[in-house]
S.K.: 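Encoded as structure tokens, here's the structure I'll be asking about.
Ligands are counted one by one from 1 in listed order, and the atoms in each one are counted from 1 as well. Reckoned from all heavy atoms, side chains included, excluding hydrogens, waters and symmetry mates.
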Amino acid sequence: MDWGMKNRLSKIIKPKDGRTVMLAVDHGYFMGPTTGLDHFTDMVNPLIPHADTLMLTRGALRNWVDPNTDVPIVLRVSGGTSILNDDMLHEGQVCSIEDAIRLNVSGVAWSILVGAKYERDTVLGFTEVIDQCEEYGIPMIAVTAVGKDMVRDARYMALASRMAAELGAHIVKTYFVDGFEKVVDSCPVPIVIAGGKKQPEADALKMAHAAIEAGAIGVDMGRNIFQSESPVAMIQAVNAVVHDNHTPQEAFELFNKLKTQ
Ligand code: 5RP
């Protein structure tokens, strides 16, 4: 692995403990003004100091993020369909790697739809972009997206994650499921979990903790942070689980304490 690739990976995964709290705020690329992100800067600016990495789109970055920021950026480069479309997540490349480099990103993200009708398109698009990334030392985060009708279990997540890694992903973002150890054990690259739909804060913290216990290196969490009753308290509680080995109970107590401040 070349120096540039390693250096960019060290911006995403913190060398002090090999873990990361990525804040996912890329939802607008297929969901439009999602609850919580309708006024992007009001929500995201107070969260940035607590995020190891910000995952978002080119448009959000250019329009709403201060270029003086020192938060590392992971840029979503796949897209093309909305939640209104039956073929949601049948995605192609929506941003060139040259533009990603111009935006000084630390990594890019791409969704693959394993097991669905358009699996082949999303997977071949993914490997094509990895070839472009390799040329410049840009890490690729594979998002193992789950279509509306697909089962989420350890067998499926392990298959999708292993495929992503074998095809060249540097990090895999997947969903937490029972038996998550199987997903981590069979995947040769670091795994972060997506948050998924909003759950009560205590449950989201339990999930993050269980994922770390199973071997994930962190989270790439969106709605469970920005749709929380107190997003700034929630991201700090997630940090406590990921970086400070808090139990879910300790992290939830921290959340309750911080939300009143
Ligand atoms: C879709 C995505 C989302 O855009 C997002 O990053 C998911 O975050 P969360 O589920 O935590 O809200 O990756 O596949």
Side-chain angles (χ1 to χ4, degrees), residues 12 20-38 40 43-44 47 50-61 72-85 87-92 94-95 105 107-116 118-119 122-123 125-126 140-150 152 156-157 160-161 164 169 171-177 191-201 203-208 210-212 216 218-228 231 234-235 237-239 241-242:
I12 302 171
T20 184
V21 173
M22 300 173 65
L23 176 63
V25 285
D26 59 324
H27 304 60
Y29 91 96
F30 75 120
M31 290 178 162
T34 324
T35 306
L37 293 182
D38 24 12
F40 192 93
M43 174 58 73
V44 176
L47 297 174
H50 307 287
D52 293 323
T53 305
L54 202 56
M55 177 195 181
L56 77 181
T57 59
R58 165 165 65 179
L61 184 62
I73 302 297
V74 168
L75 192 72
R76 176 168 279 283
V77 296
S78 70
T81 53
S82 74
I83 39 167
L84 303 178
N85 196 310
D87 294 328
M88 179 179 88
L89 300 172
H90 178 195
E91 298 181 352
V94 294
C95 177
V105 306
V108 297
W110 179 285
S111 293
I112 55 169
L113 206 45
V114 174
Y118 296 108
E119 170 183 272
T122 61
V123 170
F126 167 67
M140 164 64 88
I141 290 97
V143 182
T144 61
V146 183
K148 284 179 192 146
D149 307 321
M150 283 147 69
R152 287 185 191 197
Y156 171 75
M157 293 305 171
S161 301
I171 299 174
V172 168
K173 169 178 175 174
T174 191
Y175 289 87
F176 181 77
V177 285
I191 291 197
V192 291
I193 59 151
K197 285 193 182 136
K198 170 77 177 72
Q199 329 174 37
E201 281 78 0
D203 293 345
L205 293 167
K206 266 188 213 152
M207 178 179 74
I212 297 288
V219 300
D220 185 13
M221 194 175 266
R223 290 163 288 180
N224 277 289
I225 291 174
F226 64 72
Q227 292 176 352
S228 163
M234 185 58 180
I235 195 170
V238 172
N239 258 293
V241 169
V242 172

S.K.: Are I193 and K173 close enough that some pair of their side-chain heavy atoms sits under 4.5 Å apart?
M.R.: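 No; the side chains remain at least 4.5 Å from each other.
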S.K.: Can you find a pair of side-chain heavy atoms, one from T20 and one from V192, that are under 4.5 Å apart?
M.R.: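 The answer is yes, as the side chains (C-beta and beyond) meet within the 4.5 Å cut-off.
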S.K.: Could you list the atoms of ligand 1 found under 4.0 angstrom from a heavy atom of H27?
M.R.: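 Checking each atom against H27, I get 5 (C), 7 (C), 8 (O), 9 (P), 12 (O).
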S.K.: Could you tell me which atoms of ligand 1, counted from 1 in the order shown, lie closer than 4.0 angstrom to a heavy atom of M221?
M.R.: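 The list of qualifying atoms is 11 (O).
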S.K.: Just jot down the ligand 1 atoms closer than 4.0 angstrom to any heavy atom of D26, in number order.
M.R.: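 Listed by number with element, the hits are 3 (C), 4 (O), 5 (C), 6 (O).
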S.K.: Below 4.0 angstrom, N of the basic side chain to O of the carboxylate: do E91 and R76 qualify?
M.R.: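 So E91 pairs with R76 through a salt bridge.
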S.K.: Which of the numbered atoms in ligand 1 are under 4.0 angstrom from any heavy atom belonging to F30?
M.R.: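 Close to F30: 4 (O).
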S.K.: Can you check which of K173, E91, M55, M31 brings a heavy atom nearest to atom 6 (O) of ligand 1?
M.R.: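 Among K173, E91, M55, M31, the closest heavy atom to atom 6 (O) of ligand 1 belongs to K173.
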S.K.: Which heavy atom of A169 sits nearest a heavy atom of A142, and at what distance?
M.R.: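 The answer is CB-CB, 3.7 Å.
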S.K.: Would you mind listing which atoms of ligand 1 come within a distance below 4.0 Å of any non-hydrogen atom of V143?
M.R.: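 By the 4.0 Å cutoff, the relevant atoms are 13 (O), 14 (O).
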S.K.: Does any non-hydrogen side-chain atom of H50 lie less than 4.5 Å from one of M234?
M.R.: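 No; the side chains remain at least 4.5 Å from each other.
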S.K.: Once you restrict to heavy atoms under 4.0 Å, what part of K197 touches ligand 1? Side chain, backbone, both or neither.
M.R.: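 Neither; nothing of K197 gets under 4.0 Å from ligand 1.
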S.K.: Would you check the N or O atoms of L89, main chain and side chain alike, for any that come under 3.5 Å of an N or O of ligand 1?
M.R.: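 In fact, backbone or side chain, L89 has no N or O that close.
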S.K.: Closest by any non-hydrogen atom to atom 10 (O) of ligand 1: pick that one out of A194, G196, G79.
M.R.: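 Looking at heavy atoms only, G196 sits closest to atom 10 (O) of ligand 1.
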S.K.: Do V219 and M22 have side chains that approach each other closer than 4.5 Å (heavy atoms only, starting at C-beta)?
M.R.: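 Side chain of V219 against side chain of M22, heavy atoms only: no contact under 4.5 Å found.
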S.K.: At a 4.0 Å threshold, what atoms of ligand 1 neighbour a non-hydrogen atom of G195?
M.R.: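 The list of qualifying atoms is 9 (P), 10 (O), 11 (O).
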S.K.: Do T53 and I73 have side chains that approach each other closer than 4.5 Å (heavy atoms only, starting at C-beta)?
M.R.: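 Answer no - side chains too far apart.
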S.K.: Is the shortest distance from a heavy atom of R76 to ligand 1 less than 4.0 Å?
M.R.: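 Under 4.0 Å: yes for R76.
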S.K.: I'd like to check D52 versus I12 (side-chain heavy atoms, cut-off strictly below 4.5 Å). Are they in contact?
M.R.: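 Side chain of D52 against side chain of I12, heavy atoms only: no contact under 4.5 Å found.
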S.K.: At a 4.0 Å threshold, what atoms of ligand 1 neighbour a non-hydrogen atom of A24?
M.R.: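 Counting from 1, the qualifying ligand atoms are 6 (O), 8 (O).
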